[in-house]
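Structure record follows, encoded as structure tokens.
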Amino acid sequence: MQVGIFQTQEAAADYAAAHIIDVVGGATDPVLGVATGSTPLKLYERLRAAHAAGTFTLAGKKAIALDEYVGIADDHPERYRNVLRTELVGEDKTGLTDELLFTPDSSAPDPQAAAARYDEQIRALGGATIQILGIGSDGHIAFNEPGGSLVSRTHVDVLTAQTRTDNARFFDGDLAKVPTESISQGLGTIMEAKEIILLAFGEGKARAVKELVEGAVSAKWPATVLQMHPKVTVLVDEAAASQLELADFYTERWNARH
Ligand code: PGA
């Protein structure tokens, strides 16, 4: 795992965007793994700017989402397919087209079957060339909540009270409006991405980042499974890095490589 500790979120987003532009630009038929939540928003802003400047495009390229709420209205702005449309789809965004954006089916009558279909779809696409990830304050990645299998495939998961509280800000601050279930890529599915870039900002993520980087691999902190992946970059600001015991060492190693 490489750990980049940046003074600001903006600097981390600059690095992440430049790296993604390199990887996506250099790959044949790339598949970009995209995340939702507030963490990647500055990164997406930079990808849109690069598209506007003519130095990057997702036109003709595929993007796969990590997860989706179950049972959310098709036109709800927080439906992840709609969030990703708003951020990335269209010539005025990154050039990504709606038909090449893959997301789990939020309105399927049988969500478990929809999850299995989505897993098949990801396999058929060959998995993500590079996967963008955030991390929950409880250590989840996508909606893989604590206590799940470390080798799970795409599945229906019940959201923890912590995650629903964290996400209530997207639903008028009203916990009752936050969906209770999601379809999420499994940890085993995410681990098949060829490369992973995880971003985490703010004090609220400090404990999860400490466990991710320095904790024992454990279902209690699902993100720790990433320690078993050969190509992961963790990009954090100083607040999110504040509980790392070996921060100075990571920075020394990072500076030697960049
Ligand atoms: P956030 O969510 O980016 O909104 O903090 C991250 C996550 O829950 O995975």
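Numbers here simply count residues along the sequence, with the first being 1.
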Handout entry: Flag side-chain contact, heavy atom, 4.5 Å: Thr39 against Gln9
Key = no
Practice task
Fit a plane to each ring of Tyr80 and Tyr69, take the angle between them on a 0 to 90° scale, and name the class: parallel (under 30°), tilted (30 to 60°) or perpendicular (over 60°).
Solution key: tilted
Handout entry: Note, Ile183 side chain near Thr154 side chain (heavy atom, < 4.5 Å)
Key = yes
Practice task
Would you confirm whether the ring centroid of Phe171 sits within less than 6.0 angstrom of the ring centroid of His76?
Solution key: yes
Handout entry: Lys61 vs Thr97 side-chain heavy atoms within contact, under 4.5 Å
Key = no
Practice task
Could you tell me whether the side chain of Gln227 and the main chain of Gly215 form a donor-acceptor pair under 3.5 Å?
Solution key: yes
Practice task
Give, for atom NZ of Lys205 and atom CG of Leu198, the distance between the pair rounded to the nearest 0.5 Å.
Solution key: 9.0 Å
Practice task
For residues Thr36 and Leu66, determine if any side-chain heavy atom of one lies less than 4.5 Å from a side-chain heavy atom of the other.
Solution key: no
Problem - Geometric class of the Tyr15/Phe6 ring pair [parallel <30°, tilted 30-60°, perpendicular >60°] - result: tilted
Practice task
Indicate whether the side chain of Ser137 and that of Asp166 have a donor and an acceptor atom separated by less than 3.5 Å.
Solution key: yes
Problem - Under 3.5 Å: donor-acceptor pair, side chain of Glu238, backbone of Thr8 - result: no
Practice task
Give a yes-or-no answer on whether the side chains of Arg123 and Thr189 include a donor-acceptor pair shorter than 3.5 Å.
Solution key: no
Exercise for the section: For the residue pair Trp254 and Thr233, establish whether any side-chain heavy-atom pair is separated by less than 4.5 Å. Expected result: yes
Handout entry: Any donor-acceptor N/O pair, Asp174 side chain to Ala176 backbone, under 3.5 Å
Key = yes
Practice task
Enter the distance from Leu212:CG to Met1:CE here, rounded to the nearest 0.5 Å.
Solution key: 4.0 Å
Exercise for the section: Answer yes if the side chains of Thr94 and Arg48 hold a donor-acceptor pair under 3.5 Å, and no otherwise. Expected result: no
Practice task
Taking the side chain as every heavy atom from C-beta outward, state whether His19 and Ile197 have any atom pair closer than 4.5 Å.
Solution key: yes
Handout entry: Euclidean distance, Ile72 CD1 relative to Ser107 OG, rounded to 0.5 Å
Key = 11.0 Å
Exercise for the section: Answer yes when Arg81 and Asp98 have at least one side-chain N-carboxylate O distance shorter than 4.0 Å, and no when they do not. Expected result: yes
Handout entry: salt_bridge(Lys177, Glu78) N-O dist < 4.0 Å
Key = no
Handout entry: Salt-bridge criterion met for Arg153 and Glu192 (N-O under 4.0 Å)
Key = yes
Handout entry: Close side-chain approach of Glu87 and Lys93, heavy atoms under 4.5 Å
Key = no
Exercise for the section: Determine whether Tyr44 and Ile132 make a side-chain contact, defined as any pair of heavy atoms from C-beta on separated by less than 4.5 Å. Expected result: yes
Handout entry: Same cluster (ILVMFWY, side-chain, under 4.5 Å), Ile135 and Val34
Key = no
Handout entry: Any side-chain donor near an acceptor of the partner, Arg164 and Asn167, under 3.5 Å
Key = no
Completion exercise
Distance col, row Leu43:CG vs Asp14:CG, nearest 0.5 angstrom, shows 10.0 Å
Handout entry: Test item: side-chain donor near acceptor, Glu145 and Thr163, under 3.5 Å
Key = yes
Problem - Cationic N near anionic O, under 4.0 Å, Glu211 to Lys220 - result: no
